[in-house]
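A short worksheet on the structure shown next.
Note that the numbering runs from 1 along the sequence shown for the chain.
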Amino acid sequence: NELLMQIPYIKRLLDHLCIKHYEMDEYEADDLIATVASLAEKDDFDEVKIISGDKDLLQLVRGNVKVYLTKKGISELEEYNINNFYEKIGLFPNQITDYKGLIGDASDNLPGIKGIGEVSALKLLNQFKSLEGIIANMSLIGGKQQTLISNGYQDGLASKKLATLKSNILLDFEIKDLAIKSYHKYDLISFYQEMGFDSLISKLSLDVKEQKKEELVYANEDYNFSQLEDASLMLEIEGKDYSSLEIYGLALVSKKVSLYISKQVLKSNKSLHEYLKGATPKIIFDYKKALVAFKKIGLELNNVRFDTLLA
């Protein structure tokens with residue numbers, strides 16, 4: 001019940017981060033993952049990485065598809081690839097469903113073949129390669145195992161079928177729709193505020209020095225700020241106390257542009273003055289200090305929605 005209550009918030013977070021998410025009532029998540037992995041292969045991706053705690057996804061390991069099983073959250077992952085798979089498990093990826101058909105899986109309501117355990121299943125699959133191969137060679141197995149397989153092979157085949165992920169689901173999006181997109185920092189911070197995620201707010205750096213040099217625009221006196229969206233601001237200020245504060249420049253980062261504004265442009269650009277005192281929501285570092293500094297050069301600063309110094 002607690003997890004179900006969190007799912008709507010998880011979807012909202014993904015939306016704020018501009019991360020694609022998808023669901024279909026008639027299919028489980030691992031079937032959708034299998035389909036997306038298959039589409040990525042057909043689209044010639046160099047590498048497909050699947051991160052999950054679901055061991056059913058191990059059957060997807062092949063050429064350029066790797067599965068990373070979570071061990072301690074996402075801080076510790078175990079990689080399964082085509083080169084290390086047999087060494088780790090004693091089977092090949094295409095035998096995972098055969099294995100499930102033999103031993104079953106209570107968590108997925110798969111009965112398997114009653115009486116066949118993990119050790120026996122590994123030996124049988126190494127000898128006969130598949131569940132169908134085992135069934136076809138029951139007479140060579142003999143003894144109690146032959147009887148168990150003879151009595152339970154139909155349950156085994158049904159379990160294997162149910163354990164096999166569907167990789168050909170018709171989706172209403174294309175792989176290119178999954179491309180990483182830039183997110184709106186203000187919307188994300190508003191969501192974090194709502195959820196009380198203060199430590200995550202503090203990680204949203206406003207430092208435009210991290211921007212690539214070619215992405216940084218040096219605004220001049222004619223730059224038009226009227227179409228600028230919600231933005232994050234950081235003043236370049238020096239001064240031991242509020243009475244001696246002096247502005248040297250202003251960094252301004254919006255969803256579409258990163259700007260550096262010199263002191264001269266800050267004092268003379270009328271469009272910027274209107275933006276600063278206007279209704280567009282703003283995020284700033286050290287609002288109180290910025291307010292004093294702006295006032296000293298005759299500028300207003302309005303509609304600041306969040307001070308990252310307080311995060």
Any side-chain heavy-atom pair of Asn269 and Asp222 under 4.5 Å: no

Keeping [X] on the side-chain end and [Y] on the backbone end, is there a donor-acceptor pair under 3.5 Å?
X: Lys282; Y: Asn302; answer: yes
X: Glu236; Y: Ile247; answer: no
X: Gln127; Y: Leu124; answer: no

Within 6.0 angstrom of [X] [atom1], more than 12 heavy atoms from elsewhere:
X: Glu78; atom1: CD; result: yes
X: Gln227; atom1: CD; result: no
X: Lys263; atom1: NZ; result: yes
X: Glu2; atom1: CD; result: no

Kindly say whether the aromatic ring centers of Phe92 and Phe85 come within a distance under 6.0 Å. no

Do Leu178 and Ile50 belong together in a cluster built from hydrophobic side chains that touch within less than 4.5 Å? yes

Path from Leu266 to Val217 over hydrophobic side-chain contacts below 4.5 Å: yes

Can you tell me how far apart CG (Leu69) and CG (Leu57) are? Round to the nearest 0.5 Å. 8.0 Å

Salt bridge (charged side-chain N to carboxylate O under 4.0 Å, His left out): which pairs involve residues 144-157, sequence neighbours left out? none

Salt bridge check: are Asp56 and Lys100 linked by an N-O gap of less than 4.0 Å? yes

Write down the atom of Phe45, the atom of Val48, and the distance for their closest heavy-atom approach. CB-CG2, 4.2 Å

Glu76: side chain to side chain contact (heavy atoms under 4.5 Å, CB included) partners, not counting sequence neighbours: Lys71, Lys72

Is the Lys NZ or Arg CZ of Lys66 less than 6.0 Å from the centre of Tyr80's six-membered ring, within 45° of the axis? no

Regarding Lys20 and the six-membered ring of Phe173, is the cationic atom NZ or CZ under 6.0 Å from the ring centre and inside 45° of its axis? yes

In residues 128-143, what donor-acceptor pairs under 3.5 Å come from side-chain atoms, sequence neighbours left out?
unit_1	atom_1	unit_2	atom_2	d
Lys129	NZ	Asn126	O	3.2
Ser130	OG	Gly133	N	3.0
Glu132	OE1	Lys160	NZ	2.8
Glu132	OE2	Lys160	NZ	3.2
Asn137	ND2	Gly133	O	2.7

Just say parallel, tilted or perpendicular for the rings of Phe191 and Phe197, cut-offs at 30° and 60°. perpendicular

